Amino acid sequence: MTAAPARLVIRNARVAGFAPGPKRRADLDALPVIPRADVTIEDGRIKSIREVKPNTRRAPIDPADPATIDADGRVLIPGLVDCHTHLCWAGQRLDEWEAKRRGVPYLEILKRGGGIMATVRAVREASIESLAADLLARARLMLANGSTTIEVKSGYGLTTDAELKMLRAVRLAQQSFPGTLVPTALLGHAIDDAQPGFVGVTVRQTLPAVAAEFPGITVDAFCEQGAWSLEQCVLLFNRARELGLPIRIHADQFNSLGAVPAALRLDARSIDHLEASTREDLALLAAAPNTAGVMLPACGFHLDGRYARGRRFVQDGGLLAIATNCNPGSAPCFSMPLVIALAVRHLGLSFPEAFAAATVNPAHVLGLRDRGAIAPGLRADLLLLRHTDERALAFEFGASPVDIAICNGAVAWRAH
Ligand code: NIG
């Protein structure tokens, strides 16, 4: 990890980004841009953003000065925030993917004991060190694609010990990762039929053990046919709320089971997936003051061509985030820029909407007020792009747009 210099100045940058805080409705009409500015970072925080007027006479930049970066008109944006991933896993499921290509549906593979449960078996076998090392390698790949903050779910353990092992692996990987890894306890990811009374054990034993070791951690569940029923999710979430923990839910990925209104009643921080949501449920979520919708277009791209109705959701005033959902089954995607590109093509978002959904809004979902934007006082997680027009972020796909990634004020990754 690179130690942060006390001071770093990025000169002549085209600065693009929303003001801090969640954005919806008219906030999303245009992306604020300063055509040329110097951004000064001190002790890991943004100190100032000074606009440079055209034709201003300036002292030349010394290319050998490690504390100054000449952006030369290229775009500087906030680090991307990936608020929904399953980045900690072991093993691989390429044979299953072949089966999927031959037409076997995702939920059918899960029903046959494969899918999530195949990864559960591999994770239970894996050591904490190997889980952390693989996670770190994947997180670095994501950083090279612009993600400076990455949420990481457990959910492939499904016993108290194995769920704790996953969450500890996230903590271990964090020690060597220059960006931020945010753990989420996905205790309700699948039903392990081999464990008698599995749901009760998860609620009564695993949940309190996780809450004791990871105070304030967010609790998540996958509400779906063949996974956790709505009733089982509500049981888990009621207990989580009693313990003072925030909740998130995977809802309406394949079937609409009534999870949206139920999760809203429980004041969920976000409701994720939404591909199969009814118009009524989507409108209900859009009107919610605190709960965000998280859409995952890499899933539709990889699995079955089904996408959530992003356009309708933002038109209805919904608070929207987008994320990779990176996992070894439904979305093996490491790139937030690709997700932005998919969101403008398949969720129907405008570029400013997709930009907010990848920066300020997911920071809000994760409860992190100090990032997702470029403003004095915020954490200096920044990306200098290859591009001089920010719209190239959505226009191009398949290569990283990032020239330099800065985490907490230090250069954490460079393209060359
Ligand atoms: O969000 N849907 C449930 N969980 C993941 C898939 C995880 C897996 O297939 O291993 C998702 O798509």
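Note that the coordinates shown come from a computational prediction; the quantities given were computed from them, not determined experimentally. Read the numbers this way: they start at 1 and go in the same order the structure lists the ligands and their atoms.
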### Task
Note the single closest protein heavy atom to atom 5 (C) of ligand 1, along with its residue, its atom name and the distance in Å.
His86 NE2, 3.4 Å
### Query
At a 4.0 Å threshold, what atoms of ligand 1 neighbour a non-hydrogen atom of Tyr156?
7 (C), 8 (C), 10 (O)
### Message
Using a 3.5 Å distance criterion without hydrogens, assess whether the side chain of Gln174 forms a donor-acceptor pair with backbone atoms of Pro183.
### Response
no
### Message
Out of all atoms in ligand 1, which are within 4.0 Å of some heavy atom of Asn325? Include the element for each.
### Response
1 (O), 11 (C), 12 (O)
#### Entry: Distance filter under 4.0 Å to Arg93 heavy atoms, resulting ligand 1 atoms
8 (C), 9 (O), 10 (O)
### Query
Gln253 to ligand 1: N or O pair under 3.5 Å?
yes
### Summary
So the atoms of ligand 1 within less than 4.0 Å of a heavy atom of Ile116 turn out to be 7 (C), 8 (C), 9 (O), 10 (O)
### Message
Please verify the inter-ring angle class for His302 with Trp97; under 30° counts as parallel, over 60° as perpendicular, anything in between as tilted.
### Response
parallel
### Query
Going by the atom numbers of ligand 1, which of them fall below 4.0 Å from some non-hydrogen atom of Gly329?
9 (O)
### Summary
Atoms of ligand 1 under 4.0 Å from any heavy atom of His84, numbered from 1 in the order shown, are 1 (O)
### Query
Judged by non-hydrogen atoms, does Trp89 sit under 4.0 Å from ligand 1?
no
### Query
Is any NZ, NE, NH1 or NH2 atom of the basic residue among Arg248 and Glu151 found under 4.0 Å from an Asp or Glu carboxylate oxygen of the other?
yes
### Task
On the 0 to 90° scale, with breaks at 30° and 60°, tag the Tyr307-His346 ring pair as parallel, tilted or perpendicular.
parallel
### Gap between atom OG1 of Thr184 and atom CG of Leu245 - 0.5 Å precision
11.0 Å
### Message
Looking at Phe198, I'd like to know if its CZ atom is crowded, meaning that more than 12 non-hydrogen atoms belonging to other residues, nucleotides or ligands lie closer than 6.0 Å.
### Response
yes
### Task
Check His189 against ligand 1 and report side chain, backbone, both or neither, counting heavy atoms closer than 4.0 Å.
side chain
### Query
Quick one: nearest non-hydrogen protein atom to atom 1 (O) of ligand 1, plus distance?
His273 NE2, 2.8 Å
### Query
Okay, side chain of Arg371, backbone of Leu80: is any donor-acceptor separation there less than 3.5 Å?
no
### Query
Hey, does the side chain of Asp316 reach the backbone of Gly318 with a donor-acceptor pair shorter than 3.5 angstrom?
no
### Query
Starting from atom 12 (O) of ligand 1, which protein heavy atom do you reach first, and at what distance in Å?
Ser330 OG, 2.6 Å
### Message
Can you tell me how far apart CZ (Arg7) and CD (Glu42) are? Round to the nearest 0.5 Å.
### Response
5.0 Å
### Query
Do any N or O atoms from the side chain of Glu163 and from the backbone of Leu207 form a donor-acceptor pair under 3.5 angstrom?
no
### Message
Among all protein heavy atoms in this structure, tell me which lies nearest to atom 8 (C) of ligand 1, with the distance rounded to 0.1 Å.
### Response
Tyr106 OH, 3.2 Å
### Task
Decide whether the shortest distance between a heavy atom of Glu224 and an atom of ligand 1 is less than 4.0 Å.
no
### Query
Going by heavy atoms, is Thr119 under 4.0 Å from ligand 1?
no
